[in-house]
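Report on one structure; see the data block that follows.
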Amino acid sequence: MSRNLKTKIKHYNIMTSCDGNLIDYVSIQLYTMWKNLKDSIIDFYLFHRGIDENNIKILETLCNHFQNITFHSVIVTDPEKYDMIASHGGGWAGEAYFPLCAHQLLPDTINRILYIDAGDVIIYDDISPYYRCDFEDNAIIATSIRYKEKDGQLVTFQESDLYDRTQGFPSICRGLFNSGSYVLNLKKMRDAKLDLNDYVSFSQQLCELSGQSDTSHIYWGDQGFLSAAFVGDIKIYNYPAIRNLWHMPYNFCLWYYDRVNVMPDYDPAIIHFAGTIKPWKMKYPVTLKHFSYSAELHLFKELKIGQAEWFYLWHEYAALTDKLLTELGY
C-alpha cells in the first residue's frame with residue numbers, strides 16, 4: 001500500500017450500549033457503517049451487562065466479514081449503579097447511561113469516541129467533520145436541541161443556570177442536546193478522574209436541587225442527565241456560526257418533520273428515528289427473516305410528510321443485513 005493511500009484511510013471509534021431487546025438491530029447499524037464508511041477503519045464497542053453469547057457471536061461474525069470493522073464486547077461493571085441513576089430518569093434503562101464511564105472501560109489510548117443510540121440510529125454518510133471536530137476543551141460534542149435567549153441572541157446554557165429552578169433547571173434536565181449521537185472527550189474525562197460514584201452522587205444532588213418529593217423523573221433520560229452533568233462543558237457542533245435547532249446533520253432527528261415538510265439545506269449523515277415510530281415497528285411490503293416480529297405494526301399513513309423515505313431506507317439496510325446473515329449461516 002502506498003503512503004498516499006494510507007493517509008486517506010480514516011479511523012473511528014464508535015460505541016453503543018443496549019440490552020437484549022435492541023441487540024438484533026445493532027447488526028443493521030454495523031451494516032450501515034460498513035456500507036457508508038468504506039474508506040475507514042472502525043473499532044466498534046458494544047457496552048452491555050451480559051448479552052447472550054449467540055448475539056455477540058453474530059456481531060463478531062458480521063464484523064469479520066466486513067473486514068474494516070473490529071468488534072469489541074465490553075461488559076460494564078457495577079450495572080446496578082447505572083440503574084440507580086436511571087431510576088430518576090423517567091423510564092430509560094440503565095444501559096442508556098453506560099457511556100458515562102467509557103473513559104474507564106476503554107483503553108487509555110482512545111481519546112475520543114462517537115456514541116450512537118442502539119437500534120434507531122444509522123450512519124448514512126461521512127461523519128469525519130463531526131467526529132474530528134475540535135473539542136475546544138469541552139467534554140462532549142453534540143447537536144443542540146435547546147438554547148436560551150439573551151439580548152436577542154440564542155446562546156448556550158451555563159452551569160449557573162442549573163440553580164435557576166424556574167427555567168434553567170427544568171430546561172437543562174430536559175436535555176440541551178439529543179443523545180442519539182455525541183462524541184465523548186475521553187481524555188478530558190480521564191484527566192478529571194470522573195468515576196461512577198461521582199455520577200451517582202450527582203444524581204442525588206439533582207434530586208435535592210429539584211425540590212420534588214417524587215424523584216422518579218428528575219431528568220429526561222441520559223440526555224437530561226448528561227446535559228446537567230456537563231452543562232457549560234458541551235461543544236455544540238457548528239455553534240456559534242449556526243444557531244438553529246433544525247441544524248442537525250450528524251443527529252438528524254425525524255421529529256424535524258413535526259414542523260418542517262421539506263428536506264433540510266444540508267445532507268444528513270447520521271439519521272436518528274427519534275420522536276416517531278421506531279423503524280422495526282412499521283408494516284413493510286416485505287417481511288424479513290431476522291427482523292420480523294409479531295407485535296402490532298404501524299402503517300405508513302401514520303408518519304409525517306418527509307419521514308417515509310427514511311423508513312424505507314432503514315428497511316433496505318435491514319433487508320441487506322438479513323440476506324447477509326442468512327448467507328453467513330444464521
Quiz item: Going by the side chain to side chain donor-acceptor pair (under 3.5 Å) test, which pairs reach into residues 319-330, not counting sequence neighbours?
Solution: Thr61-Tyr330, His290-Asp322, Lys323-Glu327
Practice problem: Tell me, please, which residues at least two apart from Asp24 pass salt bridge (charged side-chain N to carboxylate O under 4.0 Å, His left out). | Solution: none
Exercise. Check the side chains of Lys81 and Asn197 for a donor-acceptor pair under 3.5 angstrom, ignoring hydrogens and angles.
Key: yes
Exercise. Using the six-membered ring wherever Trp is involved, compare the ring planes of Tyr237 and His247 and label them parallel, tilted or perpendicular (cut-offs 30° and 60°).
Key: parallel
Practice problem: Look at Lys193 together with Asp198 and state whether they make a salt bridge at an N to O cut-off of under 4.0 Å. | Solution: no
Quiz item: Considering residues at least two apart in sequence or located in another chain, which fulfil the side-chain hydrogen bond (donor to acceptor under 3.5 Å, both in side chains) criterion with Ser144?
Solution: none
Quiz item: Side-chain donor-acceptor pair under 3.5 Å between Thr156 and Gln158, yes or no?
Solution: yes
Exercise. Would you kindly say whether Tyr257 and Trp310 are connected by a side-chain donor-acceptor distance under 3.5 Å?
Key: yes
Quiz item: Are Tyr219 and Ser203 linked by a side-chain donor-acceptor pair shorter than 3.5 Å?
Solution: yes
Quiz item: Any chance the side chains of Asp125 and Asn36 put a donor and an acceptor closer than 3.5 Å?
Solution: no
Quiz item: Does one side chain, of His48 or Asp19, offer a donor that lies under 3.5 Å from an acceptor on the other?
Solution: no
Quiz prompt | Results of side-chain hydrogen bond (donor to acceptor under 3.5 Å, both in side chains) for Asp137 - residues two or more places apart only | solution = none
Exercise. Tell me, with the steps shown, if Lys235 and Asp134 meet salt bridge (Lys or Arg N to Asp or Glu O under 4.0 Å).
Key: CA-CA 9 Å; Lys235 164 65 180 176; Asp134 188 345; over 6 Å; no
Quiz item: For the residue pair Phe273 and Phe311, is the inter-centroid distance of their aromatic rings smaller than 6.0 Å?
Solution: yes
Practice problem: Answer with yes or no whether the side chains of Thr143 and Asn178 bring together a donor and an acceptor at under 3.5 Å. | Solution: no
Practice problem: Just jot down the side-chain hydrogen bond (donor to acceptor under 3.5 Å, both in side chains) partners of Asp83, sequence neighbours excluded, or say none. | Solution: Arg49
Quiz item: Do the side chain of Ser40 and the main chain of Ile42 share a donor and acceptor less than 3.5 angstrom apart?
Solution: no
Quiz prompt | Ring-ring centroid check Tyr12 Tyr131, cutoff 6.0 Å | solution = yes
Quiz item: Of Asp233, Asn138, Asn111, which meets side-chain hydrogen bond (donor to acceptor under 3.5 Å, both in side chains) against Lys188?
Solution: Asp233
Quiz item: Where does the angle between the aromatic ring planes of Trp34 and Phe66 fall among parallel (under 30°), tilted (30 to 60°) and perpendicular (over 60°)?
Solution: parallel
Quiz item: Is it true that Tyr250 and Tyr130 have ring centroids separated by less than 6.0 Å?
Solution: yes
Quiz item: Can the ring centroids of Tyr25 and Trp280 be said to lie less than 6.0 angstrom from one another?
Solution: yes
Exercise. Please identify each residue that fulfils side-chain hydrogen bond (donor to acceptor under 3.5 Å, both in side chains) with Asp43, with sequence neighbours left out.
Key: His11, His72
